[in-house]
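Counting begins at 1 with the first residue of the sequence.
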Amino acid sequence: MVCRMKKRIKSYLVFTGLWYRIVVYLLAPLAMVGLGLWMEANVQSGTGLILVAVLLPPVEIISDNGLFGGIQTKDSLRLEFLKTSGRGMDVLKSALRMDLLRKFLSALGILALCRLAAGLAGRWTAKGAGAPEGMVSASGMGILLYFVLLSYFVSTLGTFLSRFGDMLWINLLVGYGAMFFTAFGLILLNLADYILVIDILLAILGMGISALAVRVAMKRVERSYYDK
């Protein structure tokens, strides 16, 4: 199991350059965490969690242009080197899956720190402290999972759509739309009494779009193997 995971991580790293790793693995998470903690400490409890959840999808979508951008375009040449290896398709599938796992773990880690900061401030569960009523009445874990799953779903959906183009402006446009889509999704906080049901629905949607993203990307690359 450990050996298999190491191979999958190695397959994923094949597609990542030095600057991509620095920005996506280090600078972006630090910036998101820093922004969230600053908002929690200096503005209003819960605002850091909300803002970071809204900003994570466009960050993921835009950065994907440097990873798998254009992989689903017609006659894409970005992954031609995969044809030189018999294991090329297996490596690609592992990389696509590991990227989804990284997205989820990044959202979970970053948003959990923002939630922890709000809790340490002693204002998250206190009514009258400025947190929306829906956040006060629901369990903290359910709320955190809601933000994580919403952010992950929108990030994955956005990257899936943007991969049908290979231009950065497409990622920017999709990322901009994803930001508003996530913000609109926060309306569901008004149904906080049913947060666990909403979490389950978001988890199902997340798994569905994840499977679709891998399947479509693999089909597109496989199609490019054959001359037309």
Report whether [X] and [Y] are members of the same hydrophobic cluster (ILVMFWY, side-chain heavy atoms less than 4.5 Å apart, transitive linking).
X	Y	result
I71	L168	no
I200	I195	no
I204	V214	no
L67	I9	yes
I110	L101	yes

Which atoms form the tightest heavy-atom contact between [X] and [Y], and what is the distance?
X	Y	result
Y20	D99	OH-OD1, 4.1 Å
A213	Q72	O-OE1, 3.9 Å
L56	A107	CD1-CA, 4.0 Å

Run the side-chain donor-acceptor check on residues 171-181: report pairs under 3.5 Å with partners two or more places apart or on a different chain.
unit_1	atom_1	unit_2	atom_2	d
N171	OD1	N65	ND2	3.1
N171	ND2	I61	O	2.8
N171	ND2	S162	OG	3.4

Review point. Which of these passes side chain to side chain contact (heavy atoms under 4.5 Å, CB included) with V221: L96, L92, V216?
Key: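 By the side chain to side chain contact (heavy atoms under 4.5 Å, CB included) criterion, V221 pairs with just one of L96, L92, V216: L92.
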
Point to revise | Selection residues 21-33 - residue pairs positive for side-chain hydrogen bond (donor to acceptor under 3.5 Å, both in side chains), sequence neighbours left out | key: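 Sorted result for residues 21-33: T16-R21.
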
Point to revise | Any pair counted as side-chain hydrogen bond (donor to acceptor under 3.5 Å, both in side chains), so long as it reaches residues 198-211, sequence neighbours left out | key: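 Only Y152-S210 qualify under side-chain hydrogen bond (donor to acceptor under 3.5 Å, both in side chains).
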
Point to revise | W38 backbone acceptor or donor facing N42 side chain under 3.5 Å | key: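 The answer is yes, because a donor-acceptor pair under 3.5 Å joins these two groups.
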
Point to revise | S63 side chain vs V59 backbone, donor-acceptor pair below 3.5 Å | key: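 Looks like yes, one N/O pair under 3.5 Å.
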
Practice item. Evaluate the criterion salt bridge (charged side-chain N to carboxylate O under 4.0 Å, His left out) for residue pair D64 and R102; output intermediate values, then yes/no. Key: CA-CA 12 Å; D64 186 72; R102 183 203 58 78; over 6 Å; no

Side chains of [X] and [Y] in contact at under 4.5 Å (non-hydrogen atoms):
X	Y	answer
S151	P57	yes
K219	R215	yes
M5	M98	yes
Y146	L186	yes
F184	I187	yes

To the nearest 0.5 Å, tell me how far [X] [atom1] sits from [Y] [atom2].
X	Y	atom1	atom2	value
L150	L188	CG	CG	7.5 Å
R163	T159	CZ	OG1	4.5 Å
T47	M39	OG1	CE	4.0 Å
I143	L196	CD1	CG	9.5 Å
F153	I209	CZ	CD1	6.0 Å
M89	M218	CE	CE	3.5 Å

Point to revise | Candidates F160, F15, Y12 - the one meeting ring-ring contact (aromatic ring centres under 6.0 Å, His included) with F68 | key: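 Among F160, F15, Y12, the one meeting ring-ring contact (aromatic ring centres under 6.0 Å, His included) with F68 is F15.
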
Check your understanding: Do NZ/NE/NH1/NH2 and the carboxylate oxygens of D166 and R220 come within less than 4.0 Å?
Key ->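 Between R220 and D166 there is no salt bridge, as every charged N stays at least 4.0 Å from the carboxylate O atoms.
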
Practice item. Look at D90 together with K93 and state whether they make a salt bridge at an N to O cut-off of under 4.0 Å. Key: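 Not counted as a salt bridge, because no side-chain N and carboxylate O are separated by less than 4.0 Å.
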
Practice item. Could you check L202 against V148 for side chain to side chain contact (heavy atoms under 4.5 Å, CB included), going step by step and ending with a plain yes or no? Key: CA-CA 10 Å; L202 283 174; V148 172; over 6 Å; no

